Protein chains: 2
Amino acid sequence: MEFGHIRRSEHLPARIAGQIARDITEGRMRPGEKLPTEHFLAKALGVSRSVVREAIAQLRNEGLVETRQGVGAFVTEAHARPIRIEQDDLADRQSFRDLFQLRVPLEIEAAGLAALHHTADDLQRIDEALASMSGGEKWTAEGIVADLAFHRAVAAATGNEYFSVFIGFIAERISLAIDAARAAAVLEEIVEVTIEEHVALRDAIASRDPKRAREAMKMHLLGAAKRLDLTLESY
Amino acid sequence: MEFGHIRRSEHLPARIAGQIARDITEGRMRPGEKLPTEHFLAKALGVSRSVVREAIAQLRNEGLVETRQGVGAFVTEAHARPIRIEQDDLADRQSFRDLFQLRVPLEIEAAGLAALHHTADDLQRIDEALASMSGGEKWTAEGIVADLAFHRAVAAATGNEYFSVFIGFIAERISLAIDAARAAAVLEEIVEVTIEEHVALRDAIASRDPKRAREAMKMHLLGAAKRLDLTLESY
DNA sequence: CATATAAGGTTATCAGACAACCTTACAATG
DNA sequence: CATTGTAAGGTTGTCTGATAACCTTATATG
């Protein structure tokens, strides 16, 4: 039997921060507007100033407000706020597949862009990642790290920071989920196939052929999906 | 002349949190490990417990640690941490284009998935967004909101939460950047073209034709890029 | 007019205390 | 012996009040 943790009333500062955050994101407080003072909020909400301070600290951390000592706290401009996606464990098969599905078009596009834009340094990093995967023995934790490094290297070769960061995040999550779920179940053979596909992709990038690079990445990811027993439509 | 703000030593709690965050991300502290107590850290760092608490609150907010009252603070498992990308304003043309370039494959894929998976409710939301754009007068702030709503509705129709959230974030940033940069410069004609393209996309989705939906989204985004004077390779 | 200076308000930090909660050890109970 | 109750100690959560650092504005001051 598993009950999970019951939170009696879920962290006071977080609730207050959530309330204010909703006020901001739903437009009841507009960028530039000044929040009430900490003293006022504490009185108004019936909590101590510590709690209010922690709530505001959270908002600042989420990029929703800026504080200036001696002046006050102000709602930030929307475009300066970080992109942030909560991560729910990928425990269930559904969300794992969904994230994988998101990854596919990103990586395909990245492969094409990498073929067009890679520098000599980029290619060298790709080759290094490739070597460290071939060198290793099996599909161990090390192998997963090497695989991740390869995909990161390709993403970096796009010259587009966003691809780099997004793919880095997503691929890492997927790797971790695989690691946890089925590291033991996979076989050496898979590594061989993976390496083959990596090499094909690497060569397409090296010859600056975006069409072939996209195709190679597509084949690779579809192959990976199949090996993971995922069915992806639309391809 | 613009100096920007000089912070004598940039927010004590943030520096402490940054130090601990580095310890975690660079592997000096491993998942599951317990942090020193707040009292200890305060003594060790020569600051008050308030500062330490705020630092730990920030780490908790970033998903790097979990705190349990009466027990302590612990480094979280890596896969539970949120995806987070700092946003640097899209001020320069380069990063604006880069983000747009990221958006393209995501939205194309989303269109295809929407064609396959949309429900009646999804389609209704798409139509509503479409109507509110046609109804409005010009390419005003309202028009931008309606455009954003349309793209969100399509992303939601994929049935894949990740597409929804990612595209929502990215499209919003791009909208905001456009709003700031060139709202004044765009003309009514553009709205007409945009609506035409939206309708074509909507019909392709409604007829559950992923190939046509992808093509329609591709045309739409490439058209938008052209109107924004962006050149995107690889298509 | 330009520059100091003073005053008041606000956030940042400090200090100490108590409350709420968890873990552990140990006694009590059956 | 196994289970339950109880007490103790440790740790985070919250409260209170005070001081420091900082900003803005108004008011002298030359």
Side-chain angles (χ1 to χ4, degrees), chain A residues 1-21 24 29 31-76, chain B residues 1-21 23-24 29 31-76 80:
Chain A
M1 188 106 73
E2 173 63 66
F3 280 103
H5 288 193
I6 337 161
R7 302 223 162 293
R8 40 170 59 263
S9 41
E10 186 84 37
H11 205 43
L12 214 40
R15 276 193 334 203
I16 294 174
Q19 180 56 53
I20 300 177
I24 293 174
M29 301 201 68
E33 196 169 331
K34 182 176 177 302
L35 269 64
T37 71
E38 294 176 354
H39 270 112
F40 179 89
L41 280 175
K43 270 283 193 294
L45 299 172
V47 299
S48 79
R49 210 186 129 211
S50 318
V51 171
V52 172
R53 275 193 62 73
E54 187 165 326
I56 290 179
Q58 180 176 336
L59 293 172
R60 184 179 46 215
N61 190 249
E62 290 169 355
L64 289 172
V65 309
E66 263 181 350
T67 60
R68 288 187 308 177
Q69 183 172 348
V71 186
F74 302 83
V75 180
T76 54
Chain B
M1 186 104 74
E2 172 64 64
F3 280 102
H5 289 193
I6 337 162
R7 302 225 161 292
R8 41 164 63 265
S9 37
E10 189 78 38
H11 204 45
L12 215 38
R15 277 194 330 202
I16 294 173
Q19 180 54 53
I20 300 177
D23 286 343
I24 293 174
M29 301 202 67
E33 194 169 335
K34 181 174 178 305
L35 270 66
T37 71
E38 295 176 353
H39 270 113
F40 179 90
L41 279 174
K43 269 283 192 293
L45 300 171
V47 298
S48 78
R49 204 184 137 210
S50 317
V51 170
V52 172
R53 274 192 65 74
E54 189 169 329
I56 290 179
Q58 179 175 336
L59 293 172
R60 185 179 45 213
N61 190 248
E62 290 169 355
L64 290 173
V65 308
E66 261 181 352
T67 60
R68 290 188 308 177
Q69 180 171 349
V71 186
F74 302 83
V75 180
T76 55

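Just so it is clear, the structure is predicted and the values come from calculations on it, not from any experiment.
- For Phe74(A) and dC23(D), the CZ to P distance is 12 Å, given to the nearest whole Å.
- Both key distances under 3.5 Å define a Watson-Crick or G-U pair, and stretches of 3 or more such consecutive pairs in DNA chain D run C:1-30 with D:1-30.
- Looking at every heavy atom in both residues, Ala73(A) comes nearest to Ile56(A) through CB-CG2, 4.5 Å.
- Gln58(B) places its CD atom 13 Å from the P atom of dA12(C), with the value rounded to the nearest Å.
- Taking a 6.0 Å sphere around NZ of Lys43(B), one finds it holds 12 or fewer heavy atoms contributed by other residues, nucleotides or ligands.
- Remark: Glu38(A) pairs with Arg49(A), Arg53(A) by the salt bridge (charged side-chain N to carboxylate O under 4.0 Å, His left out) rule, at least two apart or across chains.
- What separates CZ of Phe40(A) from C1' of dG9(C) is a distance of 15 Å, to the nearest Å.
- Separating the NZ atom of Lys43(B) from the P atom of dC14(C) is a distance of 12 Å, rounded to the nearest angstrom.
- When side chains are defined from C-beta on, Val65(A) counts as touching Ile24(A), because their heavy atoms get closer than 4.5 Å.
- The closest side-chain donor-acceptor pair between Glu62(B) and Gln58(B) falls under 3.5 angstrom.
- OP1 or OP2 of dC15(D) sits under 4.0 Å from a side-chain N or O of Ser48(A).
- Between the CD1 atom of Ile16(A) and the P atom of dG13(D) there is a distance of 14 Å, given to the nearest Å.
- To the nearest angstrom, C1' of dG13(D) lies 8 Å from CD of Glu54(A).
- Summarising the geometry, the separation between CG on Leu12(A) and C1' on dA19(C) is reported as 13 Å, rounded to the nearest angstrom.
- Taking the side chain as every heavy atom from C-beta outward, Val71(A) and Lys34(A) never approach each other to under 4.5 Å.
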Pick out the pairs of N or O atoms, protein on one side and nucleotides 9-12 of chain D on the other, that lie under 3.5 Å.
| unit_1 | atom_1 | unit_2 | atom_2 | d |
| --- | --- | --- | --- | --- |
| dG10(D) | N2 | Gly70(B) | O | 3.0 |
| dT11(D) | O2 | Gly70(B) | N | 3.3 |
| dT12(D) | OP2 | Glu38(B) | N | 3.1 |
| dT12(D) | O4' | Gly70(B) | N | 3.2 |

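- Between Glu54(A) and Leu12(A) the shortest side-chain heavy-atom distance does not fall below 4.5 Å.
- Between Ile16(A) and Pro13(A), the closest side-chain pair of non-hydrogen atoms is not below 4.5 Å.
- Ile20(A) places none of its side-chain heavy atoms less than 4.5 Å from the side chain of Leu64(A).
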